[in-house]
Each structure stands twice: as C-alpha cells, then as structure tokens.
Amino acid sequence: MIDQRLLRTDLDGVRASLARRGSASLLDDVDAAAELDTRLIDITARRDAIRARVNTISKEVGQLRRDGNTVAAEALQTESRELGDDERSLAAEHDVVSTTLRNLLLGIPNLPHPDAPDGTGDVDNPVVKGPIGPTDAAERLRVPHWETATQLGVLDNERAVKISGAMFTMQRGAGATLVRALCQYGLDLNADVHEEVRPPSLVTSATLTATGQLPKFADDAYAIERDDLWCIPTAEVPLTSIYADETLDDTRLPIRMMAHSASYRREAGSAGRDTRGMLRAHEFDKVEILALAMPEQAPALLDDMVARAERAIAGLGLTYRIIEICTGDMGQSHHRSFDIEVYAPGVDAWLEVSSISWFSDYQARRANIRFRRHDADGKPVKGTEYVHTLNGSALAVPRVWAAIIETHRNDDGSVTVPEVLRPYMRGIERIESRS
RNA sequence: GGAACGGUGGCAGAGUGGACGAAUGCAGCCGCCUUGAAAGCGGCCGGCCGCAAGGCUCGGGGGUUCGAAUCCCUCCCGUUCCGCCA
C-alpha cells in the first residue's frame, strides 16, 4: 500500500507519480481514496468524541455506585445509553468507509522511483547493459531446446501432461540433475550474505495479500479453497512475510535471505502461449534472494542483487542483457525494477530469466514490518518506520535450463554442461543420448 | 479427526464486572554509591493512530452491560493425551 497520509499531504504528487504508469482509471481511484480518507477522519473524530464521553461517564458511574449514590448513577447511565446509539451508527459508518478505503488502497499500485524510465509498455524498457555474448547463432544452435532435450531423453513433457495436464514439465536423468544443479549453484553463489530458508509452499490469504498478489491478482494463483491456502507463486511470498507484524532493530538490517522453492502459476490468460518446452509452466523451481532494509540501504542492495543475478547467468556462459522496467510495464508493487534476459539461440528469443525489484515500503506496509532506529549513543529513537523490501530471482530454473540446452548444444546433438555446474552433477561433462 | 487445558506488556506471571493499560519478578533506561564494575538504593519503563484533545489495544471477530482482560457466542492458534501418519 502507498502511504495513506500522502493523500492528505501531497495528493498532487501522488497523482503525478501514478500518472506515469499510464492508467486513467487509476487516478480516479486515487481521488476516490483521498475523498474517503477525508470522510474517515471526520467520522473518526466524531465517534471518538462520543467514546470519550462514554468512558468518562462509566468511570463516574463506578464512583457514584461505590459512594452509594444510585440516583445520580442511573441518570448518567441513561445518558450513556443514548450516546451508545449514536456511537453505534457512527462506528458502523466508520467500518464501511474504512473497509472501502482499504480495498481501494490495496488496488492502488506503488509509486514509481523518480529515476525509473517512462514508458507505456515492455517495448519501452531500455537496455541498460549488454548484450554480452554472441547473438548470431550458428546453424547447429538453431534447434529449440525441446527438440534437443526430448531427443536426449532429459525432457519428457508428453508424460508430464499425461500426469498433470498442459503446461507441466518433467525433466529426467541428467535433465533432472541439471535442475537440481542450477538450484544448488544459485544458492551457493549467494550464501556469502544470505541466510538459506526453506519456507512453506502453501500460505494463507493474509500472506498472499502482503506481497501484493491479493486481492487483485487472485486468478494468477492456485487456491486450495477447502483449507483457505494458496500455492506460492514465488518464494518472495513466504520470505517477505517471515517478519510480518514485527518491529526489527535497525542494527539487524539489512536482513538478507535466500530460498529454493517450487513456484506455482496458473498462467491465466497465457493459455496457448509458449506451450512447448520449458518457457512457461505451471510449476517451476527458482532460487529467490530477498532483503529487508532501511530506506537508505535499498539502492545499494538493488545494485548488488542485480549484480548477483547477472553473475549467475554470466557464469553459465549464456548471452544476456539487462533491461530496466519502465513505468508502464512495472508490476503493481514495484518501485524500481530490472530484468535479466538471456538469449536463447534455438528459439531466437530473449527470455526473461530474472527480475530484481525494489518495493520501497509498499509491501512492508501491507505486511506490517517495521524497524526502530537507534541514535549515535545507541538509544532507541521514538517511533517506528516501515522497512523497505527488495527481492529477485537469483536463478529461475526453466528458462536458464532451456538456454543452456540451446546455447551449449554440440553438432552431434549432445549438450556440454557448463563447468561451474559439474560439481553438482556428479561430474557429468556432457549430456548425451541415453539410448 | 476426538478430548482436555490454555492464549495477558520484550520475557515470566497475577488478575473472574467498576479505583485495571493492567500487580509482581526479570530484562531495559536514568540517577546515586564506586577508581571501575557488580551488588545495593531511588526513579522511569508496552504498542498503534493523532498536532493535540483523545481514541484503540489483554489471540481475531461478534454479543451482553452505563462500564468487559474478566460473562456469552464464534473463529484462529498453542500444549497434552488418543487416533492417523512420513
């Protein structure tokens, strides 16, 4: 959520910032929210005045009864009972307005960073680095990974579909080992500063709301309705909420964590797209890195996390570039965002393999994650602030897997395993046909 | 899944309708004492919203009442026992 106070103190600033996202109806929502906020303040003030009076009366009644002054006590009780009717109707109005306002606020996206590039869609995302590596593939590389991998017996999507339906994938033999190797590689590369976490894969609605998936994007996630649980679309979801409703000490920040998890996505609206191979699937493995930080720590962390994602890709000998996400293409919760794209020669396309984002305090406000500062003498400063959250894929398996198969394909149809992965693959140097 | 008992401030733990935002202990903060520290002594000390007045907060929600940590309903969570299970 954005800071509700900004609606009162800097409505024009909020409107100008969100206008960069390019949605007219969004500005209507902002205006509506500002109006509700004003009403809510008025209602709250009137309700609280009545409550204050009732509280005072109750204390007086208690005193009068102790003193045995029943007549006076009963007179006050009558007054209080009448006040109760007003209080109830104001409280009901307060609940309606504040619920409406909250639902509206939950749907209002984050304010983009001033330096985020303007644009209306993904075509406006500027390339900020690269391409690094060749983009002119040889003939032997012009083979989509699903052909190479199926032939090698390391990808068996036909049977995955039999088991689970369309858009599920299955890796076998060295292909399965490669999945696990990539995960372990991604973790080891980031273990220097990140705590490894194995979070739950099923989370509550509250948890999925904190990171921004609910309420607006419910259709994108798998729901287990009977138990009111959701399959995580990314480890970002449980990791961010680890410290939900907690106040952290500034000395502990930044808190940096990483997790390997499965990610589940319904891909509603993309049926029929990228149905072959490993480019899009309902379930995939990913190593996520995440940081909770003080606002002033965030920019450097963002740079560091992009560099880490880049290092993982570069180490695998893949061709890649880094793009920055423009205001028109940003996700709801994003403040500033970078993608790493890998060139896949077999399908001759740039594949998004990593997305690293800074969320400012947007998620922390939803998740209620605060921190307390200490002054130079180590004394706690009065009041708390929301942390900033950042996260990104350190290594998203399927598309990297695909790019490896396509990039490191040999003339004979075998695939050379990148050197850095061999320790995780029982020394396998080449993936060769099993038959 | 069944049964029993629980959920109170950073922690431990009192409190069964009014003087309770909450005893007491520990931790923390300030001061005294001390060469320094410990001990001792005195004082302060939960959080959120609000410029303030004030409001909210004893697991969540609802109810009874002039008034609820306390009574009622409901949901959630925990512990123990039983059942089931990797």
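In what follows, chains are A, B, ... by sequence order, proteins preceding strands, each numbered from 1. The structure displayed is predicted, hence computed values, not measured ones.
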Between [N] and [M], how many Å separate the two [atom1] atoms, rounded to a whole number?
N: U8(B); M: U57(B); atom1: C1'; answer: 12 Å
N: C32(B); M: C48(B); atom1: C1'; answer: 36 Å
N: G7(B); M: A69(B); atom1: P; answer: 15 Å
N: A4(B); M: C11(B); atom1: P; answer: 29 Å
N: C73(B); M: G21(B); atom1: P; answer: 26 Å
N: A39(B); M: C29(B); atom1: P; answer: 12 Å
N: C30(B); M: A37(B); atom1: P; answer: 12 Å
N: C56(B); M: G6(B); atom1: C1'; answer: 26 Å

Does [X] put a side-chain nitrogen or oxygen below 4.0 Å from OP1 or OP2 of [N]?
X: Arg65(A); N: C66(B); result: no
X: Asn55(A); N: G67(B); result: no
X: Arg46(A); N: G54(B); result: no

One thing to verify: whether [Y] and [X] come together as a salt bridge, which I'm taking to mean a side-chain N less than 4.0 angstrom from a carboxylate O.
X: Asp361(A); Y: Arg366(A); result: no
X: Asp249(A); Y: Arg252(A); result: no
X: Arg372(A); Y: Asp250(A); result: no
X: Arg280(A); Y: Glu267(A); result: yes

What integer distance in Å separates [X]:[atom1] from [N]:[atom2]?
X: Leu90(A); N: G55(B); atom1: CG; atom2: C1'; result: 13 Å
X: Glu82(A); N: C66(B); atom1: CD; atom2: P; result: 12 Å
X: Arg66(A); N: G18(B); atom1: CZ; atom2: C1'; result: 5 Å
X: Arg372(A); N: G28(B); atom1: CZ; atom2: C1'; result: 12 Å
X: Arg81(A); N: U64(B); atom1: CZ; atom2: C1'; result: 13 Å
X: Leu40(A); N: G55(B); atom1: CG; atom2: C1'; result: 13 Å
X: Asp227(A); N: C75(B); atom1: CG; atom2: P; result: 16 Å
X: Ile50(A); N: C56(B); atom1: CD1; atom2: C1'; result: 16 Å

Let's see if you can work this out: which of [options] has an atom nearest to the side-chain heavy atoms of [X]?
X: Arg5(A); options: G50(B), G67(B), C49(B); result: G50(B)
X: Arg370(A); options: G54(B), G50(B), C48(B); result: C48(B)
X: Ser80(A); options: C66(B), C48(B), G50(B); result: C66(B)
X: Val54(A); options: G67(B), C56(B), G54(B); result: G67(B)

Item to check | Sugar-phosphate only, base, or nothing, as touched by Thr44(A) at under 4.0 Å among non-hydrogen atoms | outcome: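 Nothing: the residue Thr44(A), judged by heavy atoms under 4.0 Å, touches no strand.
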
Next on the checklist: Just to be sure I understand the rule, does Arg53(A) reach a base, reach only the sugar-phosphate, or reach nothing, if contact means heavy atoms closer than 4.0 Å?
Outcome noted: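 Here Arg53(A) touches no strand at all.
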
Checklist entry - Can you tell me if CZ on Arg422(A) sees more than 12 non-hydrogen neighbours from other groups inside 6.0 Å? => result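 Buried by this count: over 12 neighbours within 6.0 Å.
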
Next on the checklist: More than 12 heavy atoms of other residues, nucleotides or ligands under 6.0 Å from CD of Gln63(A): yes or no?
Outcome noted: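 Enclosed.
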
Checklist entry - Which sits closer to the 5' end of RNA chain B, Ala52(A) or Thr78(A), going by the nucleotide each is nearest to? => result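 Per heavy-atom nearest nucleotide, the more 5' residue is Ala52(A).
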
Item to check | 5′-ward residue of the pair Ala49(A)/Thr384(A) relative to RNA chain B | outcome: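 Result: Thr384(A).
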
Identity of whatever pairs with [N] - Watson-Crick or G-U, under 3.5 angstrom:
N: G6(B); answer: C77(B)
N: G1(B); answer: C82(B)
N: C11(B); answer: G25(B)
N: C32(B); answer: G40(B)
N: G17(B); answer: none

Item to check | Gap separating the CD1 atom of Ile340(A) from the CG atom of Leu318(A), nearest 0.5 angstrom | outcome: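 Spacing of CD1 (Ile340(A)) from CG (Leu318(A)) equals 11.0 Å.
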
